[in-house]
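First the structure, in the form of structure tokens, and then the observations on it.
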Amino acid sequence: MNNIIIENGTKGEEKLGRISTVGKNSYGILFMGEEIPARLKGRFYEEDSEAFPVVGDYVKFMYNSRGDSLILSVCERKSFLQRPDQAKTGVMQYMAANVDYLFIVTSLNEDYNYNRIARYASIAIQGGAAPVVILTKSDLCTNVGRYLREVGQISDKVRVHAISARYGIGLDELKEYMTPGTTICLMGSSGVGKSTLINSLTGEDIMKTSAVREDDDKGRHTTTYRKLIELSNGITVIDTPGMREVGMANVQDGIDETFSDIVELESRCRFSNCRHDTEPGCAVKAALESGELSAKRYELYKSLGRENTNNHAMKKEISRWAKAYKKRWQYADPKTKRV
Ligand code: GDP
Ligand code: ZN
């Protein structure tokens, strides 16, 4: 009976699916191996942007076989990756949900950037996903060990592997992450070998068809990215194209966890407001002098923390303005806009 109603297109049936693409006002839901177009139920637009679906979200929706299905609600997130937007306005960009492993992919030639890796790792830890750094193109590098050691020192929560997809080196190490039901999010600049890696891990030539076209509401063609792909081996891959720089607002918790040993040291200073400068009884300075804490790592911790503080302050400022603005128009006369 229900089926007949669906075929008529008059009434849908509530289903559970997973968000695979996010366009401007349109979504794609992966449902029973197919991507179906969808849009949001109106009440979403009264909520904070955090409540909007992101790639990887499980959603309840009203299935419509003849047009857009209607997204009713977002299921509770197991993990949630977010970062400040590129313009550094302090506004957060929500990237992906329900990610088990964040594969931080960087190639062992000109792309390698220690600070960027640490930032991605902080985002993963903060968001509840496990950071796995994958150093690609090891065949082009003569001192792989040095990079492995350096990344390994970021935090004991960060796993690191060096691979060469071209020569099949190191791929076995990644098998442990490839269990059915796992969601892997890939991050890294274009050209570092993400597609090659996924293709060689899965034996499928899956990553080439990552761009799909869809109609936007004005009938023009726009390109959105098929960001979530379910592989036949039960792994789900989320690709985040073109992400180069990652800012740090609101990820102090992630930083503190990544650098938990330094936070621990700071708590051992004699004075609770120690600036680790000239104060007596400073545990941080002692550790730096004894070599227990590397100066480079401490510098990184400080610089990431500083950047974060700035963005956080800016974010507060923006939200204050936004609130004041909203309040003002709330009481305003709709015609004259006068309070
Ligand atoms: P993506 O943009 O991150 O998906 O990168 P691709 O997977 O498309 O790879 C970019 C280029 O790097 C291609 O020309 C690949 O053949 C090359 N490449 C990928 N993996 C390796 C590797 O392990 N060694 C070498 N030497 N080249 C690689
Ligand atoms: Zn101190």
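Both ligands and their constituent atoms are indexed starting at 1 by order of listing.
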Worksheet entry | Full working for side-chain hydrogen bond (donor to acceptor under 3.5 Å, both in side chains) between T183 and R18 | CA-CA 12 Å; T183 299; R18 197 168 190 192; 3.0 Å; yes
Worksheet item: Do the charged groups of R77 and D57 touch, with an N to O distance under 4.0 Å?
Response: yes
Worksheet item: Does the pair D277/K285 count as a salt bridge with the N-to-O cut at 4.0 Å?
Response: no
Worksheet item: What part of V192, side chain from CB on, backbone N/CA/C/O, both or neither, has a heavy atom under 4.0 Å from ligand 1?
Response: both
May I ask you to identify the nearest protein heavy atom to [atom], giving residue, atom name and distance to one decimal place in Å?
atom                    : answer
atom 16 (O) of ligand 1 : R166 NH2, 3.2 Å
atom 26 (N) of ligand 1 : D139 OD2, 2.8 Å
atom 10 (C) of ligand 1 : G191 O, 3.5 Å
atom 7 (O) of ligand 1  : T196 OG1, 2.5 Å
atom 5 (O) of ligand 1  : G193 N, 3.0 Å
atom 4 (O) of ligand 1  : S195 OG, 2.5 Å
atom 21 (C) of ligand 1 : K137 CG, 3.7 Å

For the 3.5 Å polar cut-off, considering only N or O atoms, please tell me whether [X] and ligand 1 meet it.
X    : value
K194 : yes
A165 : yes
S138 : no
I163 : no
L140 : no

Discussion item. Is there a side-chain contact (heavy atoms from CB on, under 4.5 Å) between L102 and V132? Walk through the geometry before answering.
Written reply: CA-CA 6 Å; L102 178 64; V132 180; over 6 Å; no
Practice prompt. Verify whether the ring centers belonging to Y177 and H161 lie closer than 6.0 Å.
Written response: yes
Worksheet item: Y94 and F80: aromatic ring centres closer than 6.0 Å?
Response: yes
Fill in: Under the salt bridge (charged side-chain N to carboxylate O under 4.0 Å, His left out) test, residues paired with E264 that sit two or more places apart
R268
Worksheet item: For H276, which residues count as a side chain to side chain donor-acceptor pair (under 3.5 Å) partner, sequence neighbours excluded?
Response: E266
Worksheet item: Looking at atom 13 (C) of ligand 1, would you say a protein heavy atom lies below 4.0 Å from it?
Response: no
Discussion item. With the threshold set at under 4.0 angstrom, would you say T136 reaches ligand 1 through any of its heavy atoms?
Written reply: no
Worksheet item: Above 12 or not: heavy atoms from other molecules or residues under 6.0 Å from CZ of R275?
Response: no
Worksheet entry | Pairwise salt bridge (charged side-chain N to carboxylate O under 4.0 Å, His left out) hits with a residue in residues 121-146, at least two apart | R146-E150
Practice prompt. Could you tell me how the ring of Y101 sits relative to the ring of F103: parallel (under 30°), tilted (30 to 60°) or perpendicular (over 60°)?
Written response: tilted
Practice prompt. Give the cluster check for M187 versus Y114: same hydrophobic cluster or not, with ILVMFWY residues linked at side-chain heavy-atom distances below 4.5 Å.
Written response: yes
Fill in: Cluster check I29, Y58: I/L/V/M/F/W/Y, side chain < 4.5 angstrom
no
Item to complete: With the Zn ion (ligand 2) as the centre, enumerate protein N/O/S atoms below 2.8 Å in chain and residue order.
Response: C269 SG, C274 SG, H276 ND1, C282 SG
